Amino acid sequence: MIIGIGTDLANIERIQGTLDRFGDRFRNRVFTEIEQTKAERRKDVAGTYAKRWAAKEACSKALGTGLAMGISWKDMAVQNLSTGQPTMTLTGWAKERLAEMTPEGHEAYVHVTLTDDHPWAQAFVVIEARPKA
């Protein structure tokens, strides 16, 4: 059963401007160390950050909160499996919110997909609840 869906679109050039203007202050406020390491190794640094920004926005929407209810940017982190598949790790308030919205007897799975086509980056997040075995 689907218990949350979110999508977001980010402008890569806007993220580049923010990186140019605020640098590490922006990076450290919004992105985990793992996300920063991944982005800084990529050819399209701003595009990588933009996709992760969009994923965090989409995740907050899927959680039904937006970013106004106390979720920290770093409570939602995009990581990649060894296959390259993106995953979303939740900690702090985001993890608590996920537990609240997950029906009893179910386990939540957060699915994320990322794409970009300059100048846009887009993310979709679907939260699924599966009955526990």
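Values below: all heavy atoms of this structure, side chains included; hydrogens, waters and symmetry mates excluded. Please read all numbers here as calculations on a predicted model, not as lab measurements.
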Discussion item. Suppose we screen for salt bridge (charged side-chain N to carboxylate O under 4.0 Å, His left out). Which residues come up paired with R29, at least two apart in sequence or across chains?
Written reply: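 Expected list: none.
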Item to complete: For K61, enumerate each residue passing the salt bridge (charged side-chain N to carboxylate O under 4.0 Å, His left out) test, keeping only those at least two apart in sequence or located in another chain.
Response: D8
Worksheet item: Is the closest side-chain heavy-atom distance between Y49 and E40 below 4.5 Å?
Response: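 Yes. Closest side-chain heavy atoms under 4.5 Å.
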Worksheet item: For residues 82-91, which residue pairs qualify under salt bridge (Lys or Arg N to Asp or Glu O under 4.0 Å), counting only residues two or more places apart or in two chains?
Response: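 Sorted result for residues 82-91: empty, none.
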For [X] versus [Y], what's the shortest heavy-atom pair and its separation?
X: G6; Y: A62; result: N-CB, 3.7 Å
X: T48; Y: A39; result: CG2-CA, 3.5 Å
X: A54; Y: A121; result: CB-O, 4.2 Å
X: A50; Y: A10; result: O-CB, 3.7 Å

For residues 15-25, which side-chain donor-acceptor pairs fall under 3.5 Å, sequence neighbours excluded?
residue, atom, partner, partner atom, Å
Q16, NE2, D20, OD1, 2.8
T18, OG1, R14, O, 3.0
D24, OD1, R27, NH1, 3.2

Worksheet item: Would a distance-only check, ignoring hydrogens and angles, find a side-chain to backbone donor-acceptor pair under 3.5 Å from K56 to V78?
Response: no
Discussion item. Tell me whether K132 contacts the main-chain N or O of E107 through its side chain, where contact means a donor paired with an acceptor under 3.5 Å.
Written reply: no
Worksheet item: Going by side-chain heavy atoms closer than 4.5 Å, which hydrophobic residues are tied to I5, directly or by a chain of links?
Response: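 Taking Ile, Leu, Val, Met, Phe, Trp and Tyr as members, I5 shares its hydrophobic cluster with I2, V126.
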Worksheet entry | Side-chain hydrophobic cluster, 4.5 Å single linkage: members besides F124 | none
Worksheet item: Who passes ring-ring contact (aromatic ring centres under 6.0 Å, His included) against F26, sequence neighbours left out?
Response: F31, W53
What distance separates [X] [atom1] from [Y] [atom2], expressed to the nearest 0.5 Å?
X: T7; Y: E57; atom1: OG1; atom2: CD; result: 11.0 Å
X: L63; Y: M101; atom1: CG; atom2: CE; result: 5.5 Å
X: M76; Y: C59; atom1: CE; atom2: SG; result: 5.5 Å
X: W73; Y: S60; atom1: CH2; atom2: OG; result: 7.0 Å
X: M88; Y: Q79; atom1: CE; atom2: CD; result: 10.0 Å

Item to complete: Quick one: which residue pairs count as a side-chain hydrogen bond (donor to acceptor under 3.5 Å, both in side chains) with a foot in residues 97-106, not counting sequence neighbours?
Response: none
Practice prompt. Take atom CD1 of I34 as the centre, draw a 6.0 Å sphere, and report whether it contains more than 12 heavy atoms from other residues, nucleotides or ligands.
Written response: no
Donor-acceptor pairs are to be reported for all side-chain atoms of residues 113-120 against protein atoms at under 3.5 Å, with residues two or more places apart or in another chain.
residue, atom, partner, partner atom, Å
D116, OD1, K51, NZ, 3.1
H118, NE2, E13, OE2, 3.2

Can you sort out the partners of [X] under side chain to side chain donor-acceptor pair (under 3.5 Å), two or more places apart, ordered by chain and number?
X: E96; result: none
X: N80; result: R52
X: N11; result: none

Worksheet entry | Hphob cluster co-occupancy, V112 + I71, side-chain heavy atoms under 4.5 angstrom |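 Both belong to a single hydrophobic cluster.
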